[in-house]
Amino acid sequence: MTTKLTGIAASDGIAHAKAYLLVEPDLTVEKNKASDTEAEMQRLKDATDKAKEQLTKIKSVAKESLGEEEAQVFDAHIMVLSDPDLMDQTKSVIDSEEVNAEYAFKQVTDTFITLFEGMEDNAYMQERAADIRDVRKRVIANLLNVTLPSPATIDEEVIIIAEDLTPSDTAQLNKKYVKAFVTNIGGRTSHSAIMARSLEIPAIVGTKDITERVKENDELIVDGINGEVYIDPTEEEITSFNKQAKEYDELKLEWEQLLNEPSVTKDGKHVEIGANIGTPKDLVGVKDNGAEAIGLYRTEFLYMDSSELPTEDDQFEAYKKVLEGMENKPVVVRTMDIGGDKELPYLELPDEMNPFLGYRAIRISLDRDNIFRTQLRALLRASVHGTLRIMFPMIATVQEFREAKAILEEEKALLIKKGVKVSDDIEVGIMVEIPAAAVLADQFAKEVDFFSIGTNDLIQYSMAADRMNERVSYLYQPYNPSILRLVKHVIDSAHKEGKWAGMCGEMAGDQTAVPLLLGLGLDEFSMSATSILKTRSLLKKLDSKKMKELSDKAVNECTTVDEVIDLVNQYVK
Ligand code: PEP
Ligand code: MG
């Protein structure tokens with residue numbers, strides 16, 4: 001019989017394939033007395049030989065599916081296995097202590113890892129430590145006779161089941177074979193969900209316990225539109241979902257007709273629809289979905305994809321590529337927003353009780369301004385290659401904005417003095433994602449060139465509900481009248497000073513929110529590229545004056561989310 005599980009619909013679409021569990025097995029090692037040390041040494045040799053074979057295979061598959069660069073990491077892993085020091089020391093522990101191979105190997109690798117990780121300023125050694133950790137898992141798994149998942153080798157259609165997916169897990173997934181993913185934790189705005197939308201694969205997050213409910217190779221249907229997973233579906237269910245998938249594909253074809261059209265409402269009001277991107281690679285999706293701008297370039301992925309701080313030149317190349325790729329259409333680049341659920345191991349930030357309320361984003365940039373200045377110089381140099389807008393994340397006070405802007409001006413003056421060409425038309429704005437900034441938007445509007453409302457954070461801070469925590473996801477309420485009032489105040493404040501207001505949080509692409517935001521006068525909507533065409537299609541059906549009436553009512557008369565949803569349904573048939 002079919003089992004049905006529900007979670008949070010994170011990325012649209014329907015998929016049907018078998019389960020692939022991306023769950024780490026238990027690799028706890030016990031210490032056992034081994035009188036036959038020769039046999040233990042042989043076990044170690046067999047396990048490392050097998051690991052080498054496995055890694056060589058993984059590497060060749062990864063090279064095929066992900067490319068040369070991504071596959072190179074496996075060379076480093078194979079090298080670890082050939083390190084004579086590591087092997088000799090393990091043998092010597094087996095011999096002298098008469099212990100089992102897995103225990104000896106764990107002891108010796110621990111020593112190496114501690115040593116290398118201790119060399120704090122040496123990025124190379126830090127990487128070696130990470131390589132040893134990875135390889136150790138494989139060797140110990142072989143010794144314990146358990147199988148490790150290896151997403152890079154997937155070469156048949158699967159649905160990934162995991163606790164959560166990190167950006168580096170996602171980077172290893174080949175879209176050709178990974179048809180969907182479902183996770184235990186996360187919310188609609190957690191970064192794994194955002195990645196799924198940019199990969200254009202259906203995803204459901206926050207199911208709480210999918211990893212325990214599904215076994216490897218179980219047949220699954222993932223309905224990313226309604227947030228439902230079917231385990232062992234019946235023939236009828238499969239037929240019905242295939243039909244829905246076909247209808248969804250037809251709808252997508254209809255939306256595609258709007259690829260090169262501007263985003264205008266039924267009564268001719270033009271708004272700008274931009275795309276949110278994480279890397280220059282996302283430009284393909286931006287083009288394929290007809291974005292009129294990039295409303296948010298999350299530059300922190302540049303820092304996260306690297307094992308040390310990216311250089312000014314590396315950053316310059318990335319920014320230039322995006323600006324040139326957009327051929328003078330606006331590109332809003334957000335300065336580094338590390339922190340929260342986006343970690344950067346090499347910055348060695350201390351663990352915090354409340355990372356989302358901690359040392360992150362502009363707070364790091366202003367504190368460690370050498371990192372910030374490098375990024376700003378790269379941006380300023382790239383500015384002549386297109387239409388650049390710079391945006392600071394997590395601004396809480398006007399002073400922070402002034403300080404960040406002053407550093408930008410200083411770097412600009414220094415570059416110009418050196419004879420470097422810099423555009424003289426760079427708009428500088430802020431993310432409005434902290435309630436304090438939203439409330440004081442009227443004062444901010446006198447100093448910034450634009451606002452981009454970051455509802456992913458603004459909602460979590462306003463409702464005091466962690467955006468990653470599925471237990472409180474019911475409080476994640478974009479249509480709550482309180483949020484609508486904040487958004488209205490931000491937009492009105494911008495307009496009063498002749499500035500524009502955009503939104504780059506996920507709410508901007510939410511089909512129930514769009515009519516309200518249009519009514520509130522939002523100028524720019526920036527969203528996952530895959531939401532652009534359906535939003536453009538929706539806007540075509542809306543009358544901006546009627547939507548103003550709708551949003552006025554929602555803001556002034558509604559008390560609950562349900563009332564707002566009902567009202568939207570009355571106005572948008
Ligand atoms: C936001 O907070 O709404 C936002 C767009 O930024 P991020 O999701 O990267 O925190
Ligand atoms: Mg944010």
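Just follow the structure's listing: the first ligand is 1, and inside any ligand the first atom is 1.
For W500 and E427, the side-chain atoms include at least one donor-acceptor pair closer than 3.5 Å. Looking only at atom types and distance, the side chain of E163 has no donor-acceptor partner in the side chain of T183 under 3.5 Å away. Of the N and O atoms on the side chains of Y359 and D367, at least one donor lies less than 3.5 Å from an acceptor on the other residue.
Considering backbone and side-chain N/O atoms, E433 comes within less than 3.5 Å of an N/O atom of ligand 1. Of the polar atoms of R360, none of the N or O atoms is found under 3.5 Å from an N or O of ligand 1, judged by distance alone. Polar contact check, C504 against ligand 1: no nitrogen or oxygen pair lies under 3.5 Å apart.
Of all atoms in ligand 1, numbered sequentially from 1 with element shown, those under 4.0 Å from a heavy atom of L296 are 5 (C). Residue contact check: M431 has heavy atoms under 4.0 Å from atoms 1 (C), 4 (C), 5 (C), 6 (O) of ligand 1. The atoms of ligand 1 that sit less than 4.0 Å from any heavy atom of R298 are 4 (C), 5 (C), 6 (O), 7 (P), 8 (O), 9 (O).
A salt bridge links D457 with R467: the distance from a Lys NZ or Arg NE/NH1/NH2 to an Asp or Glu carboxylate oxygen falls below 4.0 Å. Taking the charged nitrogens against the carboxylate oxygens, E497 and K446 have no contact shorter than 4.0 Å, which rules out a salt bridge. A salt bridge is absent between K269 and D543: the closest approach of a Lys/Arg side-chain nitrogen to an acidic carboxylate oxygen does not fall below 4.0 angstrom.
Partner of Y319 under the side chain to side chain donor-acceptor pair (under 3.5 Å) criterion, out of R381, H385, Q375: Q375 alone. Checked options H495, K488, H489, K496; the residue passing with D492 is K488 (criterion: side chain to side chain donor-acceptor pair (under 3.5 Å)).
The Mg ion (ligand 2) sits nearest to atom OE1 when only the N, O or S atoms of E433 are considered.
Among all non-hydrogen protein atoms, the one lying nearest atom 6 (O) of ligand 1 is R334 NH1, 2.9 Å.
Q460 does not count as a contact of ligand 1, since none of its heavy atoms falls under 4.0 Å from the ligand. The closest approach between M507 and ligand 1 stays at or above 4.0 Å for every heavy atom of the residue.
For a distance bound of 2.8 Å, the N, O or S atoms of D457 include one lying that close to the Mg ion (ligand 2).
Distances from atom 10 (O) of ligand 1 to the heavy atoms of K342, M527, R467, M503 put R467 nearest.
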